[in-house]
Amino acid sequence: MKKLKLAILATAMAATSSIGWAQDSKAALVKQFIDLQRPGIEVLARVLVEDSSAQIAQAGSGYLQTQVPAEKREAAAKAADAELKKYFDDAYPYVRDKAVALAPGALGPVLSEAFTEDELKQLIAWLNSPLSKKYEEVNPKLRNALTEKLVAETKPTIEPKMRALDAAVAKALGAPTGPAPAAAGKAPAKK
């Protein structure tokens with residue numbers, strides 16, 4: 001009876017140990033996958049920092065063109081650019097490091113739940129493959145090809161909508177509005 005209890009206990013411990021090993025193995029694969037994704041995580045951080053200052057840069061550019069005397073614009077633009085660069089140089093390393101630090105806790109559980117150990121091995125093999133590297137090189141060209149075609153095809157429809165939006169927002173804000181860029185230089189319609 002004692003030998004049977006010891007055998008059952010040994011079997012249970014072995015099963016628990018192999019489950020723990022499998023979890024450790026999967027956790028190592030998740031970590032490896034996240035490490036391979038670091039460049040993308042850093043790009044995400046860069047985009048977030050750039051986007052966070054884009055509205056300020058755009059508003060500053062508009063103000064520069066409409067409110068700053070022409071002879072002072074170049075100096076003002078350089079000063080504004082220097083401030084934007086200073087912000088980026090300060091904010092980006094912080095956001096990048098925070099994104100890299102948060103990635104395992106944020107992505108790890110999702111990866112562990114969504115993928116089996118075998119699937120993680122396949123993903124890692126794919127990311128390390130020459131074909132994946134080649135795809136990464138070609139992907140920007142693919143995006144650019146589609147973007148160029150999409151902009152060319154949608155521009156005639158979207159530009160008037162953007163001008164109308166610009167005018168509507170200016171009116172809602174009580175900002176002065178001038179003739180739309182496309183209408184500049186055209187004589188007013190006779191009634």
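When reading the values below, keep in mind they use all heavy atoms of this one structure, side chains included, and skip hydrogens, waters and symmetry mates. For the single chain, residues carry numbers from 1 onward in sequence order. Treat the numbers as computed from the prediction; the structure is a model and nothing was measured.
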Grab the two heavy atoms, one from G108 and one from V30, that are nearest each other, plus how far apart they are. CA-CG1, 3.6 Å
What pairs of residues pass the salt bridge (Lys or Arg N to Asp or Glu O under 4.0 Å) test when at least one of them lies in residues 28-43, not counting sequence neighbours? K31-D35, R38-E42
Gap between atom CD of E159 and atom CE of M162 - 0.5 Å precision: 9.5 Å
To the nearest 0.5 Å, how far apart are CD1 in I41 and CG in L107? 5.5 Å
How far apart are the C-alpha atoms of D166 and R163, what are their side-chain angles, what is the distance that settles it, and do they pass the side chain to side chain contact (heavy atoms under 4.5 Å, CB included) test? CA-CA 5 Å; D166 186 42; R163 284 193 296 273; 5.6 Å; no
Separation of Q32 CD from N128 CG (nearest 0.5 Å): 6.5 Å
K121 side-chain N/O to L29 backbone N/O, donor-acceptor pair under 3.5 Å: no
Exceeds 12 heavy-atom contacts within 6.0 angstrom, atom NZ of K98: no
For residues 44-51, dump all side-chain donor-acceptor pairs below 3.5 Å to protein atoms at least two apart in sequence or in another chain.
none

Do the side chains of Y87 and L84 join up, straight or via other hydrophobic residues, at under 4.5 Å, putting them in one cluster? no
Gap separating the CG atom of L146 from the CG atom of L150, nearest 0.5 angstrom: 6.0 Å
What one should report as the nearest heavy-atom pair of K155 and P160 is O-CD, 4.1 Å
OH/Y135 to CG/L142 distance, rounded to the nearest 0.5 angstrom? 6.5 Å
To the nearest 0.5 Å, atom CG of N139 lies from atom NZ of K134 at 14.0 Å
Within the 3.5 Å criterion, strictly below it, is a donor on E148 or N144 matched to an acceptor on the partner's side chain? no
Quick one: side chains of residues 55-75, donor-acceptor pairs under 3.5 Å with protein atoms, not counting sequence neighbours, listed by atom name and distance.
| residue | atom | partner | partner atom | Å |
| --- | --- | --- | --- | --- |
| T66 | OG1 | G62 | O | 2.9 |
| R73 | NE | L64 | O | 3.2 |
| R73 | NE | V68 | O | 3.0 |
| R73 | NH2 | Q65 | O | 3.0 |
| R73 | NH2 | V68 | O | 3.4 |
| E74 | OE2 | K78 | NZ | 3.4 |

Given the rule that I, L, V, M, F, W and Y join up when any side-chain heavy atoms are under 4.5 Å apart, are L131 and I124 in one cluster? yes
Short question: side chain of K133, backbone of L127 - any donor-acceptor pair under 3.5 Å? yes
Are L36 and V100 co-members of a hydrophobic cluster defined by side-chain heavy atoms under 4.5 Å apart? yes
